[in-house]
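The structure under discussion appears below in the form of structure tokens.
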Amino acid sequence: MSDSIREQRLQEIAELRAQGVNPYPHEFERTHTTDKILETFAYLQPEQTLESETVHCAGRVIAIRDHGKSAFFVISDYYGKIQVYIRQAGVGEEAYSFFKKHINVGDYAGIVGFPFRSKTGELTIYTQQIQLLTKTVRPLPEKWHGIKDKEVIYRQRYVDLIANDESMKRFKVRFEALKLIREFMNNRQFVEVETPMLQYILGGASARPFVTRMNAYDIDLYLRIAPELYLKRLIVGGFDRVYEINRNFRNEGVSYKHSPEFTMMECYQAYADYEDMMELTESLMSSVVKKMFGTYLLTYQGVEINFEPPWERIPMIDFINRHLQMDVDSSSDAQLLDYLKQRGQEPELTDRGHLIEALWDLVEDKVVQPVFIIDHPIEISPLAKKHRSKAGLTERFELIIYGREMANAFSELNDPVDQRERFEGQVKLRESGDEEAQMMDMDFVRALEYGMPPTGGLGIGIDRFIMFLSDAPSIRDVIAFPLVRPEMVYQEYDEEGEE
RNA sequence: GGGCCGUUAGCUCAAUCGGUAGAGCAACUGACUCUUAAUCAGUAGGUUACAGGUUCGAUUCCUGUACGGCUCACCA
């Protein structure tokens, strides 16, 4: 049978129970984690023992080197790993033969012993007592190569985390970075808030939604594509600085940089504009990089990226002019459209703003180092305030790193009449078949009519930021449980149910 | 959704031109009281993803399906 090792273990577990041994005991009193042992007894010299100290440590057995009447094995916990020495003379014949028979690689064990340093210089625990803490049923992947099958890596992340140190390290980086981001925002007097995930009017972004059903009210709801309009309602209500770190859901194609559910941080700051948000963005991201690595430089997929602020700021039109050797402002719409057609681009919407956006798409991948692309056309920025001095443009920026959009921000539109007109423009686009155009949100307009102070808003794609921090090639590598097609596990369950 | 590629033992990988499917690790039995991917001797483990087809004979060639990867389109 393909599950023969599993069958053996299940049988062994039954035998242990018959002998009165609990293969899943309830507790183990741990005095030392592995890193604490290594740190506390680092001073021991080779062959020096410290019988006066007793340590209780526990972890998963990840290697056993058996020498007959003695053995070395290695246990691993969240903090690291440590070698353990066990000999028949040290624990007695009965305990030693239990160890040899019933403690396998993969099992959890608790050890009581004292520290010493081996002949070859490795700090080791000399076992006085050993206890089986959890019997493992399935064998672990091979210790040397780990697990390489992408399907297992994404579908059974727990196996990936057990077997692949780099993967564990990557998620430690993710959750450490999230902690640092929250600390930064809290230090700047931002309040962490929560807004609806289930919404009946989509807003805050342009994307196709997931639809779900609420039985009690007998209505369809959308999983949110962005929290933006609710966060701004909090500013209307009197909150001064708010942020939310949470999931957005977009029913779009999946790729190495797109996941159907992804984590976004959005924040809003009263009395701030998009220039303040640029300062916030570069301070936040650069300080996280600095705190984690001790330097502003990091290497992503072999390319060095420098997060040291300040970052270059360049108007979108200037960037297009620079890289396409053209002059957008002195070109007519027809000339811009011709240029795009020559490049094989056929934009669906041909207003000036969408033409400029299509040109931008041609040059976006020219960006490697962090750059703020600023002052976007009004047609593609329905929630951003008109530019204070440049007609047809808004006070908006996108942060681009390595050709990827990392953040999007603007001086928030707080004029209710203007906002209503923008929504109406979006509704027209929607009616003419643009599925990604935004919906009219009359309650949001009503909120603005009660008055929102001048406000700067910002959204940062957290997963993409973590990709840089952990040198991950795919967004799936930084999401612990990325969405994968359903697996036929129920078949296995049914088979067992009949046994 | 389109195109290209992949799926062999629990894990990592072999298998010539279409000719009995192998190795290392893990498992099991045995030897070994300071090892570092411990070592040594032996045993067992396979519907070659699934369903068809071609053939005397298919892991190998063909078709379809499932799952995955890359890529294009859409999006952040």
Side-chain angles (χ1 to χ4, degrees), chain A residues 1-9 11-12 46-47 49 62-74 81 83-91 96 100-101 104-106 116-122 124 126 136-155 159-160 162-164 204-209 225-226 248-264 266 344-346 348 361 364 398-400 403-408 434-436 459-465 467 473-476 482 484-488 491:
Chain A
M1 234 196 93
S2 61
D3 275 343
S4 64
I5 296 177
R6 182 167 168 267
E7 301 289 334
Q8 277 173 34
R9 293 279 178 265
Q11 200 181 331
E12 183 182 355
E47 298 193 68
T49 65
I62 57 167
I64 298 177
R65 295 183 282 275
D66 180 9
H67 289 81
K69 293 192 172 57
S70 78
F72 288 91
F73 59 100
V74 181
K81 55 193 177 184
Q83 176 168 270
V84 184
Y85 182 57
I86 183 168
R87 66 203 300 192
Q88 196 177 68
V91 293
Y96 191 75
K100 285 190 75 162
K101 266 205 186 90
N104 290 91
V105 169
F116 75 103
R117 195 175 287 280
S118 73
K119 266 184 197 166
T120 48
E122 180 153 353
T124 306
Y126 184 100
T136 299
V137 175
R138 295 186 189 247
L140 257 42
E142 203 213 352
K143 60 188 167 190
W144 191 245
H145 297 95
I147 184 101
K148 291 190 172 172
D149 184 342
K150 284 275 200 314
E151 188 159 355
V152 176
I153 287 173
Y154 295 140
R155 226 179 253 288
V159 176
D160 174 43
I162 293 167
N164 296 333
S206 302
R208 287 162 61 194
I225 58 173
N248 289 342
F249 306 88
R250 298 189 186 175
N251 208 340
E252 308 272 3
V254 177
S255 79
Y256 69 96
K257 50 181 176 175
H258 297 90
S259 171
E261 58 176 311
F262 64 102
T263 298
M264 184 88 138
E266 282 201 15
Q345 301 293 311
E346 190 72 64
E348 282 178 35
D361 286 342
E364 184 173 10
E398 288 178 298
L399 169 65
I400 312 294
R404 295 177 190 169
E405 186 184 337
M406 300 300 298
N408 184 22
D434 183 359
E435 271 189 82
E436 275 116 37
I460 294 178
I462 295 297
D463 309 285
R464 288 184 178 177
F465 184 36
M467 285 168 74
S474 168
I475 195 169
R476 291 181 154 206
V484 281
R485 284 193 144 83
E487 184 187 19
M488 289 296 118
Q491 199 178 335

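Just so it is clear, the model here is predicted, and its values are computed rather than measured. Letters A, B, ... mirror the listed sequences (proteins, then strands); counts begin at 1.
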*Taking the P atom of each, how far is B:rG45 from B:rU55, in whole Å?*
34 Å
*Just do the side-chain hydrogen bond (donor to acceptor under 3.5 Å, both in side chains) check on A:H67 and A:S70 with the steps written out, would you?*
CA-CA 5 Å; A:H67 289 81; A:S70 78; 4.8 Å; no
*asked:* I'd like to compare against my own output: the B/S/- annotation of nucleotides 67-76 of chain B with a strict under-4.0 Å heavy-atom distance to protein.
replied: SSS-S--BBB
*Could you state the atom-to-atom distance from CH2 of A:W144 to P of B:rC25 in whole Å?*
13 Å
_Between B:rC61 and B:rA27, how far apart are the two C1' atoms, rounded to whole Å?_
37 Å
_Can you tell me how far apart CZ (A:F116) and CD (A:E122) are? Round to the nearest 0.5 Å._
9.5 Å
_Nearest-nucleotide comparison on RNA chain B, the residue closer to the 5′ end among A:E12 and A:T124_ = A:E12
*B:rA26 P sits how many Å from A:I62 CD1, rounded?*
13 Å
*Taking the C1' atom of each, how far is B:rC74 from B:rG18, in whole Å?*
45 Å
*Of the nucleotides B:rU35, B:rC11, B:rU12, which one has an atom closest to the side chain of A:P141?*
B:rC11
*Atom pair CZ/OG1 of A:F72 and A:T124 - distance to nearest 0.5 Å*: 6.0 Å
*Reading RNA chain B 5' to 3', how would its secondary structure be written in dot-bracket notation, given Watson-Crick and G-U pairs with both distances under 3.5 Å, brackets [ ] for crossing pairs and | for partners on other strands?*
(((((((..((((.....[..)))).(((((.......))))).....(((((..]....))))))))))))....
*asked:* Nearest to the side chain of A:S118, heavy atoms from C-beta on, is which of B:rU36, B:rU12, B:rA26?
replied: B:rU36
*Under 3.5 Å, is there a donor-acceptor pair between the side chain of A:K101 and the main chain of A:Y96?*
no
*Taking atom P in both B:rA51 and B:rU59, what distance in whole Å separates the two?*
13 Å
_Sugar-phosphate, base or nothing in reach of A:Q83, heavy atoms under 4.0 Å_ = base
*For B:rU36 versus B:rA21, give the span between their P atoms, rounded off to a whole number of Å.*
38 Å
_Testing the 3.5 Å rule here: is there a donor-acceptor pair between the side chains of A:R65 and A:Q83?_
yes
*Could you grab the distance from atom OG of A:S259 to atom CG of A:N248, nearest 0.5 Å is fine?*
11.0 Å
*Could you give the CD-to-P distance, from A:Q8 to B:rG45, as a whole number of Å?*
12 Å
*Check every atom of B:rA38, B:rC11, B:rA26 against the side chain of A:P139 and return the nucleotide holding the closest atom.*
B:rA26
*Can a side chain N or O of A:K143 be found less than 4.0 Å away from OP1 or OP2 on B:rC11?*
no
_Would you say A:R9 places a side-chain N or O within less than 4.0 Å of OP1 or OP2 belonging to B:rC28?_
yes
Detail all sub-3.5 Å separations between protein N/O atoms and N/O atoms belonging to nucleotides 13-15 of chain B.
none

*Between B:rA37 atom P and A:F73 atom CZ, what is the distance in whole Å?*
18 Å
*asked:* Could you tell me how far B:rA26 sits from B:rA44 if I compare only their C1' atoms? Round to whole Å.
replied: 13 Å
*Quick one: side chain to side chain contact (heavy atoms under 4.5 Å, CB included) partners of A:E398, sequence neighbours excluded?*
A:M316, A:W360, A:H376, A:R396, A:I400, A:E405, A:N408
Polar atoms only, N or O, under 3.5 Å: list the protein pairs with nucleotides 39-43 of chain B and their distances.
none

*For A:R138 and B:rG10, what is the distance between atoms CZ and P respectively, to the nearest whole Å?*
11 Å
*asked:* What contact category does A:F116 fall into here, base, sugar-phosphate, or nothing, at under 4.0 angstrom with non-hydrogen atoms?
replied: base
*asked:* On RNA chain B, compare the nucleotides closest to A:H67 and A:I64; which residue's is nearer the 5' end?
replied: A:H67
*Once you round to the nearest 0.5 Å, how far does OH of A:Y126 lie from OH of A:Y85?*
7.0 Å
*Give a yes or no on whether a donor-acceptor pair under 3.5 Å exists between the nucleobase atoms of B:rU36, that is its base, and the side chain of A:E122.*
yes
_Looking at A:T120 and A:S118, would you say the former's side chain and the latter's main chain have a donor-acceptor pair under 3.5 Å?_
no
*Is the backbone N or O of A:M406 less than 3.5 Å from a side-chain atom of A:R464, with the two atoms forming a donor-acceptor pair by type?*
no
*Does A:D160 have any side-chain hydrogen bond (donor to acceptor under 3.5 Å, both in side chains) partners at least two apart in sequence or in another chain, and if so, which?*
A:R157, A:N164, A:S167
*Given the rule in the side-chain contact (heavy atoms from CB on, under 4.5 Å) test, do A:V74 and A:V84 qualify, once you have shown the distances and angles that lead to the verdict?*
CA-CA 6 Å; A:V74 181; A:V84 184; over 6 Å; no
*Hey, does the side chain of A:T136 reach the backbone of A:G106 with a donor-acceptor pair shorter than 3.5 angstrom?*
yes
*Answer yes or no: does a side-chain N or O of A:R87 lie under 4.0 Å from OP1 or OP2 of B:rU33?*
no
_Pairwise C1' distance for B:rC34 and B:rA38, with rounding to whole Å_ = 11 Å
*Counting any heavy atom closer than 4.0 Å, what does A:G459 reach on the DNA or RNA strands: base, sugar-phosphate only, or nothing?*
nothing
*Which nucleotide in the set B:rA38, B:rG24, B:rC34 lies at the smallest distance from any side-chain heavy atom of A:E142?*
B:rG24
*asked:* Donor-acceptor check, side chain of A:E252 to backbone of A:R208, threshold 3.5 angstrom: yes or no?
replied: yes
_NZ-CZ distance between A:K150 and A:R476, expressed to the nearest 0.5 angstrom_ = 10.5 Å
_Nearest whole Å is fine: how far is B:rA44 C1' from A:E7 CD?_
15 Å
*Expressed in whole Å, how much space separates the C1' atoms belonging to B:rG6 and B:rU60?*
15 Å
_What is the separation between atom CD1 on A:I86 and atom C1' on B:rU36, rounded to the nearest whole Å?_
18 Å
*Find the distance between CD1 (A:I475) and OG1 (A:T263) and round it off to the nearest 0.5 Å.*
8.5 Å
*Whole-Å gap separating C1' (B:rU33) and OH (A:Y96)*: 8 Å
*Please answer whether the main-chain N or O of A:R138 pairs with a side-chain N or O of A:R9 as donor and acceptor at a distance below 3.5 Å.*
no
